[in-house]
Each structure stands twice: as structure tokens, then as C-alpha cells.
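Heads up, the thing below is written out as C-alpha cells.
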Protein chains: 2
Amino acid sequence: MSEPIAWEPVPRSRTFELVLARIEEQILTGNLRVGDRLPPERELVELLGVSRAAVREALRVLEAQGALRPRVGTGPASGSVIAAMPSAGLTQFLRLHMALAHFPFADVVEARATLERSSARLAAAQATPEHLAAMREQLDRMDDPRLSLEKFNDCDTEFHASIAEAGGNRLIADMTIAVRNAVRHTLLKVFHELDDWEATAARLRSEHHAIYDAIAAGDSERAGELVEAHIRGFHHDLVYAVLDEPERGAEPESGTGS
Amino acid sequence: MSEPIAWEPVPRSRTFELVLARIEEQILTGNLRVGDRLPPERELVELLGVSRAAVREALRVLEAQGALRPRVGTGPASGSVIAAMPSAGLTQFLRLHMALAHFPFADVVEARATLERSSARLAAAQATPEHLAAMREQLDRMDDPRLSLEKFNDCDTEFHASIAEAGGNRLIADMTIAVRNAVRHTLLKVFHELDDWEATAARLRSEHHAIYDAIAAGDSERAGELVEAHIRGFHHDLVYAVLDEPERGAEPESGTGS
DNA sequence: TTTGGGGGCTTGGTCAGACCATTGACTGGG
DNA sequence: CCCAGTCAATGGTCTGACCAAGCCCCCAAA
């Protein structure tokens, strides 16, 4: 009885957190599944005995996590419907935390290399003709020498996303796409600052084609290695040469607005 | 002029989304950094010309993503402070989406194998004596044969988390830990249903020690391979033998309520 | 002069009630 | 049979109020 009593602080749960817990409980136990409708906000208010504001804040959190899709009006598709759309939320999440410099750029590159290596291996093992066609379409578009940097970057993103999709592992694919999206604007900035864009584009095209060939051939090992080398090589040789600041990525001159 | 005009739907932004966008803009441009305080809710209300409910819903989203830490009262630590606590949010996110069956268990195993392989390689390359000590502590605790399944599982989780931390890549570490946490209760269930727990524990202990040795020796290649084999092997040989349902993880008999 | 306590202000948390906008279903007239 | 107008359901927004937690500061007492 005389030990230094571990007075852990009582979890000062806010009302909306309790509401959130109730709803999540229903999801975790399987009572609520994708496509099911939540009771209307006003009904939840009386069911749970809280204010509508509390209910709405809880719903907002679920929505931000891509687990809820609200829709106004009447009819079968109206109301708050349980959904499973993790990509958007995950992308948003990573963008935010990268901006908070909590995830240094080098770490993100490493993560991309890891995830996309895995994606490529899976893709090589089980890509369907449709998946391969999706990749080829992006390759073809990137082969057009008149393509703007922006479009090229978009196609590049799409190409890598297609590989991730082809792997068939939704978790890895979503993480891959989210990470790629999170660095999208940074890469675009780098593209713009390159001395010789054409040489870089040529190199990327060639590497992309090699990756596609390996996947189409079903060579997992080679596909994985090529993608990893593609990502690491590009960032090591080019990005670090342009981006001098290792951490920050913001305002060089302008202070705040105010 | 006669092409099929791509009438993309106007982004019906809700008020709180606009508020969110304004705040995120400040974060992305670097005007708001970790530790900075947001203006008080009531002040944001007049600055942005919206209701307090709208402001609060936006803040709730940021908080759910681990980018904000609200605190009542006055003083330096009060108000809404920009933070960077991604782990909790990410774990919550994955748990939710795994429950929504959007991420099949096999996919999660694959993701763990990928992420932890990378973590182990990084850890072997740059683990400090402190990191190694943290791993050894968990190993020692797991060596105690009287340890309950629950405690063993916790130590197991901690051991893998230590490896991820030791790798020094926060993004990969956070994803690794979140994924491991997300399957924590599932693994515990499997442990309970095993025929011969002691044999399994012995095997896990041996594999853990081998992994630790490789990391301590700085052998990245071997550490990565061992971890990947550890995760894949365990799940392949044991989990699939226990879990028969490939997708669902919930109520075998009860339909829905109501 | 120092110290202790208490009032008051700031800030997030909650609530009640009202109104608006969107959407689909119902219904009556052509 | 079809169309348009109406209506109810539902999420979105706003207003204004009160509560609870903390810190600051001033004043009284030692």
C-alpha cells in the first residue's frame, strides 16, 4: 500500500469521443458494415442523449478517416453511410504530417522505395491484362515529348499507382498511392528546377519501360529491384542536388502575411 | 468547341472544409509549425466569418489526424496547438478499415512483412546501444515461461516496435507500429486458440533472438530476411490453421440488430 | 517584503433551437 | 401515361448561451 501509487490521469473523455466510441464499437463488432446507414443525426441525438453538435463532431472524424460518406436529402443513398475509402484520408494525413516536418523527405523516399518494391513484386506476380494496359497507357502518354512537366508528373504518379493497384493488396496500394501523392508537389517543384529536363525525362522513360517489361514478364525479383533502384536513384541523383534544405520546405523570403 | 464538354461537378465545399483548407494552407506553407498556437476558436470565427460549429468541426478533423492538441484554460500550453502525433491517428485509422474488411488479413500480413523487413534492415544499420537494450528487455521478458499470453503478446508488439524505432525512419516506424497494433487483438485471439502454446512460444523466442543477433551484428541483409520469414512463417503456419474465415472477423450467428 | 488565497478572465466543451439547401417521393392535373 | 408542383426527410449552418478547467494577478495577512 505504500508504493508510489500510479495516479494515472482519468481519461477526460469529451462527449463527442463517447459518441465516436459507440459508433466504432458497432463497426468493430461487425454490426455496422460498408453500405449500412447510420441513424439520422437527430435520431442519434435522442438515442445517445447528447447534443447534435457532439454527434456531428464524431461523424466528422469518421468522415475524415474515410469511413463515412454523408449525403443530404431523402432516398436510399441519403444520410450517413458507412464506407471504406481510405486513400483520400491517408493521402491527406501524410501530406499534413510531411508538412509538419515530422517526416523528413529522406524518410519518405525510403518508405516509397520499400512500399513500391513490394507493390512491383506483387504486380509482377499477378497483374491482369487490364492492369498492364493501364500502365502502358501512362507510358505512352509520357512518351509524348511535348507533354508538360505537370502532365508528365501526373502520368508518372498514375503509372506508379497502377502498379500498386495491380499488386492486388489494397493496404499496400493505398499506402503507396498516398505516399506518392504526398510528395507530388515536391517532385513537381524539383522538375521545374532541373537544368536539363529532357535528359531526366528520357531517363525516367527508360526506367519506366524496363519496370513495365519486368512486370509484364512476371519477373517479381527484377521488377522489385528495378522499382527500388528507380526511386532511390532518382532521388539520390537529382532531388538532393536541387533541394538544399534537408528539412524545411517552405517560405524562403516572405514572412507571414497578417 | 463541340467535344463532349467535361462538366465536372462543382466542388460543393461545406463551410468546415473551407476552414480546414485555410488552416492546412498555413501548415503546408510553413506559417504554422509544430508548437505554434492557433487563434482561439472565437477569434477564428470572426477572422473567417463562419460559425463556431464550423470552426470546431474543422479542428476536430485536424485533431483526429494527430495534427492538433486542444487544451482548455489560459497560459502557454492552452488553446489549440499544432502538434505531430501521427501514431495514434494512424493506428485508429487502420483498425477501423481492417474492421470494415477493406483490408483482408492476408494483405495486412503482407504489409507487415514489407514494412518490418525494411525496419529491420534500417535497424541493423544504425541501432544505438539504447535501442538494442530496449529490444533485449523485451526478449528477456518473453523468456520468462510463466508469462501470460497477453503479456507475451504485448512484449512481442513492443519488440517489433523497438526495431521499428531503432531504424530511425519515423514514417516507416509509425506505419509499422500502427499495422502491428491493428492486428494485436487478432493475434491474441489466435494465441488463445493454439493447441500447443508452449511450442509456438519457443519458436517465437528462438526467431526473435536470431533477429536480435542479426541486428546487433549489423547484418542488414540477414536481419531483413529473418524478420520477413518470421512474420510470413508465423502467419502461414499458425494463423491460417486457426482462422478459417478468410475475410470476415465478426459475428458467426447473429444477423444485424433491429 | 514575502507569501498565500481568491476572484476573474481566457479558452475549449456542450447544449438548445432555429433556419436553410438538397434530394427523392408522392400526388394531382393535363 | 407523363409531367410538374409540393412535401417531408436529412445534412449543413448559425446564434447565443452556459459550463469547466486553468492561469494570472492583485490584495490581504504574516
Side-chain angles (χ1 to χ4, degrees), chain A residues 7-23 32 35-83 85 88-89, chain B residues 7-23 32 35-83 85 88 258:
Chain A
W7 280 111
E8 49 181 64
V10 54
R12 242 194 42 69
S13 273
R14 291 165 290 181
T15 308
F16 89 88
E17 287 179 324
L18 300 178
V19 176
L20 191 54
R22 294 297 181 90
I23 299 176
L32 280 176
D36 291 349
R37 291 181 48 177
L38 237 51
E41 294 179 0
R42 292 166 177 80
E43 196 171 323
L44 281 175
V45 165
E46 26 183 88
L47 285 176
L48 302 177
V50 299
S51 76
R52 203 170 154 209
V55 169
R56 286 180 59 80
E57 289 183 18
L59 297 184
R60 211 87 295 142
V61 171
L62 288 175
E63 187 189 344
Q65 287 171 336
L68 206 62
R69 186 226 52 189
R71 187 154 304 177
V72 296
T74 64
S78 72
S80 299
V81 180
I82 302 292
M85 331 163 64
Chain B
W7 280 111
E8 48 181 68
V10 52
R12 242 192 40 70
S13 274
R14 291 166 290 182
T15 308
F16 88 89
E17 287 178 325
L18 300 177
V19 175
L20 191 53
R22 292 298 180 89
I23 298 176
L32 278 175
D36 290 351
R37 293 180 44 177
L38 236 52
E41 295 179 0
R42 291 166 178 80
E43 196 171 323
L44 282 175
V45 165
E46 25 182 89
L47 286 176
L48 302 177
V50 299
S51 76
R52 203 172 152 208
V55 169
R56 285 179 60 80
E57 289 183 20
L59 297 185
R60 209 87 297 140
V61 171
L62 288 175
E63 186 188 344
Q65 288 172 334
L68 205 63
R69 188 226 51 189
R71 188 155 303 180
V72 295
T74 62
S78 72
S80 300
V81 180
I82 301 292
M85 331 161 64
S258 173

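Within every chain, numbering begins at 1; the chains are lettered A, B, ... in the order of the sequence lines, protein sequences first and strands thereafter.
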TODO: Output yes when A/E63 and A/R60 qualify as a salt bridge under the 4.0 Å nitrogen-oxygen rule, no when they do not.
DONE: yes

- [ ] Return the minimal non-hydrogen interatomic distance between A/L38 and A/L68, and the atom names on each side.
- [x] CD2-CD1, 4.2 Å

TODO: To the nearest Å, give me how far apart CD (B/E43) and P (C/dT10) are.
DONE: 12 Å

Task: Nearest heavy atoms of A/G35 and A/V81, plus distance in Å - done: O-CG1, 3.6 Å

TODO: Please state how far atom CG in A/L38 lies from atom C1' in D/dT10, giving the value in whole angstrom units.
DONE: 13 Å

Open item on the list: Can you say whether a donor on the side chain of B/R14 sits under 3.5 Å from an acceptor on the base of D/dG11, or the other way round?
Closed with: no

TODO: Using whole Å, report how far CG of A/L44 lies from P of D/dG12.
DONE: 13 Å

Open item on the list: Just to be sure I understand the rule, does B/R69 reach a base, reach only the sugar-phosphate, or reach nothing, if contact means heavy atoms closer than 4.0 Å?
Closed with: nothing

Open item on the list: Whole angstroms only, please: what is the CZ-P distance between A/R42 and D/dT13?
Closed with: 13 Å

- [ ] Please examine the side chains of B/L18 and B/L48, heavy atoms only from C-beta on, and report whether any two atoms are closer than 4.5 Å.
- [x] no

Open item on the list: Using whole Å, what does the distance between atom P of nucleotide D/dA9 and atom CZ of A/R52 come to?
Closed with: 14 Å

Open item on the list: Can you measure B/E57 atom CD to C/dG12 atom C1' for me and round it to whole angstrom units?
Closed with: 16 Å

TODO: Could you pick out which residue, A/A53 or B/S80, lies toward the 5' side of DNA chain C when each is mapped onto its nearest nucleotide?
DONE: B/S80

Nucleotide N/O of nucleotides 21-26 of chain C paired with protein N/O under 3.5 Å:
unit_1, atom_1, unit_2, atom_2, d
C/dT23, O2, A/T74, N, 3.4
C/dG24, O4', A/T74, OG1, 3.0

Open item on the list: Distance check needed: C/dC15 P versus A/E46 CD, whole Å only.
Closed with: 15 Å

Open item on the list: What is the separation between atom CG on B/L20 and atom P on D/dG12, rounded to the nearest whole Å?
Closed with: 14 Å

TODO: Take atom CZ of A/R22 as the centre, draw a 6.0 Å sphere, and report whether it contains more than 12 heavy atoms from other residues, nucleotides or ligands.
DONE: no

Open item on the list: Ignoring hydrogens, what is the shortest heavy-atom contact between B/R14 and A/P70? Give both atom names and the distance.
Closed with: NH1-CG, 3.5 Å

TODO: Name the residue closer to the 5' end of DNA chain C, choosing between B/P40 and A/A54 according to the nucleotide with the nearest heavy atom.
DONE: B/P40

- [ ] Give the minimum heavy-atom separation between B/G75 and B/S78, together with the two atoms involved.
- [x] O-OG, 2.9 Å

